[in-house]
There are 2 protein chains.
Amino acid sequence: MTTQGLATDAGLASELRLAVMRLRRRLAGERHPDNELSINQMGVLGVLARRGEMTVGELAAAEKVQPPSMTRTVNCLVETGDVLKRPHESDGRQIVVEISEQGQARVAADRVRRDAWLARRLDELAPEDREVLRRAAALLESLAQKD
Amino acid sequence: MTTQGLATDAGLASELRLAVMRLRRRLAGERHPDNELSINQMGVLGVLARRGEMTVGELAAAEKVQPPSMTRTVNCLVETGDVLKRPHESDGRQIVVEISEQGQARVAADRVRRDAWLARRLDELAPEDREVLRRAAALLESLAQKD
DNA sequence: CTAACTCATTAGCCGTGCTAACTATTCCAC
DNA sequence: GTGGAATAGTTAGCACGGCTAATGAGTTAG
């Protein structure tokens, strides 16, 4: 039974991996032409909008990337004027990143629109399929957080 | 009802998108040190192992990438000796890509091992969660194929 | 026979992950 | 207090893998 279970899971892992890879590729390509921010940058902006100001390290941990990657992303957002960097008040090593008014406006304006493609596809699904995906989203997120 | 459904779906789209992005990043980083092929190259090799010889264009369509991207990936696989390219027998424009013996051996050897990380995590889940993911995998794949 | 189309490729751009090495700061032990 | 370890962020540089535009070769239609 263990063998069967593992064999089945190996197949599931394979399918899940392929599906995730392809869907991500699809989503990354679905950026709106009039939005100059990449899908990753919008992700960071969304985290900041939800959780308030965060240090670069916290952002890196939240997005599961290494600090240098987040430094680069944050710098791009600073250049577009969507976030602000300021020194930490008590720890001179840390940098606090804060979403700007423009950034908040962009998040608000894009919140619905940026998920338009996926939301439209989801709307075409049967309700029970949406329920499956709703539960799966939480599971996928927890998988991404592991180890 | 439509409004409620759409509002809920927008949230689901957002969560699903973030989860897919993060999990994919996680998976891409989990390449086995002793396997010199990237996760994308292994994906193409897997398609060839399942579906037999295919043209570059068919592979590009199957993986939902543009032809130049697939040309590059295939050329990498040619260099590692995992696939062979030969001219199409009746149409001189097309190139047929075929998996080599070494490629088949690699797929066979890696089929279980390459999903080790994900399979291990899946094994830790409750059976009903695995069932959710099993159904979700098919749904995600169909979403990736749309339009 | 020519024009239009198709398939693959080349060239080149961009985003985004990584590691290694460096700077600045903080914390701790003594 | 001071010297060394630890921590935060950055810089530099590499790799991968998408993309578009343009090109070449081959096919097909008129």
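Note on naming: letters A, B, ... go to the chains in the order of the sequence lines (proteins, then strands), and numbering restarts at 1 for each one.
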Between D:dC19 (C1') and B:Q66 (CD): distance, integer Å: 7 Å

Measure the spacing between OG1 of B:T80 and CG of B:L37 and express it to the nearest 0.5 Å. 5.0 Å

In whole Å, what is the span from the NE2 atom of B:H88 to the P atom of D:dT28? 11 Å

Check: B:G81 main-chain N/O paired with B:S100 side-chain donor or acceptor under 3.5 Å: yes

Residues forming a side chain to side chain contact (heavy atoms under 4.5 Å, CB included) with B:D129, sequence neighbours excluded: A:R135, A:L139, B:L125, B:A126

Just wondering, more than 12 heavy atoms not from A:E124 lying within 6.0 Å of its CD? yes

In whole angstroms, how far is the C1' atom of C:dT16 from the CG atom of A:L59? 16 Å

Length of the CZ-P vector between B:R22 and C:dT16, whole Å: 15 Å

Can any side-chain N or O of A:R22 pair as donor or acceptor with the backbone N or O of B:Q145 at less than 3.5 Å? no

Nearest-angstrom distance from the residue atom NZ of A:K64 to P of C:dC18: 12 Å

Atom-pair distance (CZ on B:R24; C1' on C:dG15), nearest Å: 11 Å

Can you tell me if B:S69 touches the phosphate of D:dC19, counting only side-chain N or O atoms and a distance under 4.0 Å to OP1 or OP2? yes

I need the CD1-P distance between A:I39 and C:dT16, as an integer number of Å. 9 Å

Report the residues that fulfil side chain to side chain contact (heavy atoms under 4.5 Å, CB included) with A:R72, sequence neighbours left out, ordered by chain and then residue number. none

Rounded distance (Å) that lies between atom P of D:dC16 and atom CG of A:N40: 19 Å

What string of B, S and - do you get for nucleotides 7-12 of chain D, 5' to 3', when a contact is any protein heavy atom under 4.0 Å? BSSBB-

